[in-house]
Amino acid sequence: MSTSDGWLAAALVPLLALGPVLWRIAHGPAKDRLVGQNLVSLLAGLALLLAAQGFGRPSYTDVALVVSVLGPTGTLIYARFLDVLPDSRLVKWTALIGVPATVLPLCVATGPGRAMAKLLLVGALLIAGSVVTSARGGDGGTTA
Amino acid sequence: MTVLPYLVAGWIFLIGVYGLVTSRNLIHAVGCLAVTQSSTYVLLLAVGYRNGGTAPVFSDAPTDSRVVDPVVQALALTDIVVGATVTALLLALVLQLRKRHGTVDPDALSELKG
Amino acid sequence: MTDVLIVVALLLVAGAATAAVLNRDPVRQALVLSFLGLALALLFTFLQAPDVALSQLAVGSAVTPLMILLTVRKVRRRSGNDHGADEPAGRER
Amino acid sequence: MDTARLLPLVVAAPLLGAAVLAATGRWLPRLASDLLGCAFAAATAASALLVLFRAGHPGPGAYPVEWVGGWRPVGGSGVGIVLVGDPLGAGLAALVSLLVVAVLLYSWRYFDEPPRHHTGSFPALILVFQAGMCGFAITGDLFNAFVFFELMGVAAYALTGFRVEEPKPLQGALAFGVVNSLGAYATLLGITLLYARTGELGLAQIGRKLDTAGPDGLVLAAFVLVTTGLLVKAAAVPFHFWLPDAHAVAPTPVCMLLSGVMVELGVYGVARVYWTVFAGPGGLAHPAFTRALLVLGVLTALLGAAMCWQQRHLKRLLAFSTVSHTGLFLIGVAVLTPEGVSGTALYVLGHAGVKAALFACTGVLLDRYATVDEHELFGRARGLPVVGALFAVGGLALCGLPPFGSGLGKAVTEEAAGHTAGWLPALYVLVSAVTGGAVLRAGLRIFAGAGRRPRDQEGEPETTGEEVPETGQRLGRIPAPLVAVPAALLTASLAIGAIPAVASAVGRAGALFTDTGGYRRTVLDGRAAATPALPPPHWQTTGVLLGLLSTGLAIALAALAVRHPARTGRPALLAPVRRLQSGHIGDYVAWLAAGTALLTVLTVPGIR
Amino acid sequence: MSFRFRLWVFLVGAAGFAVLFAVACFGLPAFGSGHHPYGVRAVRASLNHHTANVIASVNFDLRAFDTLGEETILFAAVLGAVVLLRQTQDERRKTPEPAVVHPRVRRFALLTLPLALLVGLYVIAHGQISPGGGFQGGVVTATALHLLYVASDYRALERVRPLTVYEIGEAAGEAAYVVTGFAAVLAGSAFLANVLPFGTLATLSSGGTVPLLNAAIGLEVASGVVVLLARFLDQAVEIEEPGEDEESGDPREIEKPRESQGPGKPRESEEPRGCGRPKESEGPEASGASRDDDNRDDKRE
């Protein structure tokens, strides 16, 4: 079990969490769909960060960077059209707990430098995106 | 594991075509066509994989490292563009068809028969 | 270990594809397609294809579902008057 | 090797034209954008013809080969894409370009209403369509063929659904789009299988690598999947359902291109892929290919003719005639002999001119009387003697009347098919007679008002021909291009049949096309393919007699139908076949899946 | 054809396809163990041209003709969408109402917009070095632009996105690609040949014509996707047919049970409960269209 396998095993956790999220999106009530979509981009970002470290290829974090940008954007655009932006404590706490729990060990592993800056940027975007799109009072992003 | 990716690609193709055949809403049908096409990406990249290989991008890897096949990735890229544009065009047709026919249910379209 | 990741990603992609097909309502299907886009992006990254993952991410989980939602919105906006024509009456032939 | 440099330009020039038109489309007046479109199309036609004439004369290499980007192969294997200017491919590219020039001239003042502030969009789409078809004709790389296959498709879907104000075009374009895209994805699965087995993407390279090992299930699967997509484009049974829907609704200039050359490119694709990839020992055995294509060809020819006879919508009538002729082309390809291929090539050349001219005349009727329904138009077009004459000549040429190009093609192809199965020439005569008869019947009723007015029969739902004229308001006087273009196309078809030099050039092209080893040596090793000495196709007495027979039969059928409309109208036993043409996308996709299974069953014995 | 007969025809076809494809799958080399001669040659050729990202080299150098075809497919589809989604005579264009956006969402969107555009341009620029390229970056940039729609409303987006500029940009991208190809011919080499100096590996200027073609594709894709989304947005938000106006204020709309949505005006979202099993008849979609801003605004006028 080399360290890279350790990171890949860690990447498995958010990946396995995607299964129930898929079930929620496919079968859950309307409100849960957008929560699910929001959660998916968060979990995918985390899985990608861990996999990048696991494969030893820092250039894979570009994919995580684009996920952290497109995920919240997509959620907000869908919310605009479906006129429902459900507040979800699940997404918020997953972000507030999950992101630091993955980004900090990664920063320690990569050491200071341009790669760490990119990791922190991705972490910040993931947290900001999740918090904004899941806070209370944002129905469809538009208030009457 | 030796055949699973190929069989998953075959499954996705068949389930996509099943969706197309039994669809009662043309927007859903175009979505099923996009699903059918994603089977070609899975098969393309599964064919190009090499055990223990890494991505053929040498910005952060030594140029003699064992890499997976870059050609299938270029083909998959082209294929994704084709998929996106065909989906967009067909959705435009469905949108206008809804305007002119008043419905998107293929069963209710009876213009071209016989 | 990489093989485990690939197998899980493959099963996720197969499940998402099946869900996308069996969900007859386009709005729900758009969101499942968005999930499928992200699951494919993950699978491609595990298959060491970050370029393809990036483009699938951009197209499959952002642009295509957005266009489907726009089409649904245009279709739904007109559905106020003709209830019958638009609802699949579910009649069995 | 100078003309080899021209090969990529045949594709790049129309793209540049399309880009210029799209960029300046907003400000250019209607005339300027049409002029620009014709200029770029003509330039492409010139370069295609230059490549064709260079390929015609046996220079150092039999025909020019160009590796794009200068990536020539080293030791037989390379990384680049190869474009092959062999006489047949370059000839098809020239045919495409000339037809596009004719179509752009035809639609000179034809369309009243391209998007008001974007007059450049229609010519730009036509130029992109031309680039896709020319690319498909001259490429020697399988994945590149898939890309151009899709490019053709995307341009054709947009052009077919051009008139968004009416309901029918949208439904036809959507069925066209979904079915063709699904066929293209099946082709891509086949290409992936071939790449996994051989590690190559070029036609010649794949063929050479396949022959190093014996044929097995994977080779059969790859053949079935790749050929499925090409047969969907060629509209063979049971993949043909999209064609009548798309043709009945597309604007007339687009119909001229669809029926004239795009469907024939599907047949060319099937022949090219088989002869370069699967014809060797490691590919599919010849009898298996012949059996599969023969069965599909005969089914397509018969079903096309039967449905063609029963149509009252002129464009659908011509569309089903194209389906039946595709069946005849597939039989010509299925016999796997140089005569079969050169006969089919002549038949395609002749048929393209004739079918495009017939569609052009139908366009005139549509714009003058706002309908293309045979019953509605009964006797109303007496005021258009010239168009009537062109329509009648087109109908006769469709039956295979010598000395027309289509007549010569039919004669050579049926003679080649006769060697494989004795009854095939009879099928050629019957199918030509029925389809030609249907066209003549429509012509007699519309232009001469002959016989009794056909009553509308209840029961079977069918597509009638009421349409909105494509020129905005009904045309008082027929503008010159609407008559000059069909006349030019018919004279071109006549020239192909009459001038022996054309036939001998096509004969040489057919021989080169079926020389698998020669193709691989020319493309990969740069050595010239030996041009086998073959008697060039020419008019033979049996060919002339059969041509006259089918024409006479057609005239008899037309006269019979005109005098007794009720009895010869719509036989009841064909009603279930008519109901299959349901316009429902789910049906067409189901039939596509069933077609793949049918193709598998037909080719399986080829492997063991 | 009845539904049952169609399903039977499909099942027969699907069975044949399944058997065929399974035989092929077992004929394929085991997953991960195939040999890739083309890939090895491609890596060697890419490194000779000092292009670090071999996929970009395959796309823009070895098989640049494929990418020309691919780019033209996008160009044709956008042109097709412009033609198909045009506003016909009987349709009116209605100016969209300004939607009031929640301050938190507005701040986030306006903050992320420049960052997203930067990421998109970064992905385009580093196409031939790190993963990414003209196409991926172009789509990210185009999607990022629509953050403005999220931040405020459609009119703001229209002000900052003059469509004619983007249409010309798209045609310019296509023309630039073809002209670069012609330039290689004029320089005496083959069409789309890599004639420029290759520079040093993994630097911004490495790869000869690869960065140029990359930029052309990035320009074309970014403006093409913007025009495509603009056409769809116009149809969904602005263009209205005559028949559409009266019914959108239709009192008979069946109101779905309102779900409490927090302090704002209760917003109901229609959604049939059960997941659509193929046979199960889909619950009637709510006849009341999902309430969106312009319907609501019609009520207010």
Side-chain angles (χ1 to χ4, degrees), chain B residues 1-7 9-11 13-15 17-25 28 43 46-53 55-61 63 67-82 84-89 91-93 95-96 99 102 107, chain E residues 3 6-7 9-10 13-14 17-18 21-22 24-26 28-34 36 38-39 42-43 46-47 52-55 57-59 62-63 66-67 69-71 73-74 76-78 80-81 84-85 126 129-131 133 135-136 139 201-202 221 228 231-232 235-236 241 278 282:
Chain B
M1 183 52 190
T2 60
V3 199
L4 177 67
Y6 311 138
L7 296 179
W11 164 262
F13 187 86
L14 279 181
I15 198 76
V17 175
Y18 169 78
L20 262 171
V21 168
T22 54
S23 170
R24 301 295 301 281
N25 181 320
H28 170 265
L43 186 68
V47 156
Y49 184 69
R50 280 177 75 188
N51 284 331
V57 181
F58 300 115
S59 57
D60 58 348
T63 54
V67 283
V68 295
D69 188 349
V71 177
V72 275
Q73 296 189 15
L75 303 187
L77 259 173
T78 307
D79 195 20
I80 289 175
V81 170
V82 166
T85 49
V86 165
T87 310
L89 208 59
L91 282 175
L93 284 171
L95 193 140
Q96 292 286 16
K99 248 188 230 179
D107 295 349
Chain E
F3 181 84
R6 184 185 325 143
L7 202 58
V9 167
F10 164 72
F17 179 89
F21 199 78
C25 287
F26 288 98
L28 283 172
F31 175 67
S33 68
H36 304 284
Y38 199 145
V43 169
S46 161
L47 290 178
N53 184 345
V54 179
I55 295 119
S57 166
V58 171
N59 262 336
L62 311 184
R63 297 180 65 92
D66 264 353
T67 313
E70 164 222 331
E71 178 197 30
I73 289 174
L74 178 68
V78 170
L84 292 178
L85 293 176
H126 286 75
I129 306 167
S130 65
F135 172 68
Q136 298 88 337
V139 178
L201 190 69
V221 166
L228 203 62
R231 285 294 159 181
F232 274 94
Q235 287 287 344
E241 305 90 67
E282 182 59 78

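For clarity, every value in this text was computed on a predicted model and none was experimentally measured. Just so we're on the same page: letters track the sequence lines, and every chain starts at 1.
Residues B:R50 and B:D69 form no side-chain contact, since every pair of their non-hydrogen atoms from C-beta on lies 4.5 Å or further apart.
When every heavy atom of E:R231 is checked against every heavy atom of E:L85, the shortest pair comes out as CB-CD1, 3.8 Å. The minimum heavy-atom distance linking E:S130 with B:S59 is given by the pair CA-OG, 4.1 Å. When all heavy atoms of B:G19 and B:H28 are compared, the closest pair comes out as O-CE1, 3.9 Å. Nearest heavy atom pair, residue B:V71 against residue E:A42, reads CG2-CB, 4.1 Å.
With a threshold of 4.5 angstrom between heavy atoms, B:L91 approaches chain E through its backbone and through its side chain. Heavy atoms closer than 4.5 Å to chain B are found in both the backbone and the side chain of E:L74. Only the side chain of B:L95 comes within contact range of chain E, with at least one heavy atom under 4.5 Å from a heavy atom of that chain. Using a 4.5 Å cut-off between heavy atoms, E:L47 touches chain B through its side chain atoms alone. Only the side chain of E:Q136 comes within contact range of chain B, with at least one heavy atom under 4.5 Å from a heavy atom of that chain. Using a 4.5 Å cut-off between heavy atoms, E:F10 touches chain B through its side chain atoms alone. Proximity to chain E (any heavy atom under 4.5 Å) is shown, for B:V68, by neither the backbone nor the side chain. With a 4.5 angstrom heavy-atom cutoff, E:A14 touches chain B via backbone and side-chain atoms both. For B:P5, the part lying near chain E is the side chain, with the backbone staying farther off; criterion is any non-hydrogen pair under 4.5 Å.
Put simply, of E:L228, E:V9, E:N53, the one with the most heavy-atom pairs under 4.5 Å next to chain B is E:N53. Interface remark: of the candidates B:L43, B:L4, B:T78, B:L93, B:T78 forms the most heavy-atom pairs closer than 4.5 Å to chain E. The candidate with the highest count of non-hydrogen atom pairs below 4.5 Å against chain B, out of E:N59, E:V43, E:V58, is E:N59. Comparing E:A81, E:P131, E:A30, E:A52 by heavy-atom pairs within less than 4.5 Å of chain B, the highest count is held by E:A52.
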Practice prompt. Check the pair B:Q73, E:V54 against side-chain contact (heavy atoms from CB on, under 4.5 Å), reporting the backbone distance first and the verdict last.
Written response: CA-CA 10 Å; B:Q73 296 189 15; E:V54 179; over 6 Å; no
Practice prompt. Test ring pair (Phe, Tyr, Trp, His ring centres under 6.0 Å) on B:F13 and E:F17 and set out the steps.
Written response: CA-CA 10 Å; B:F13 187 86; E:F17 179 89; 4.8 Å; yes
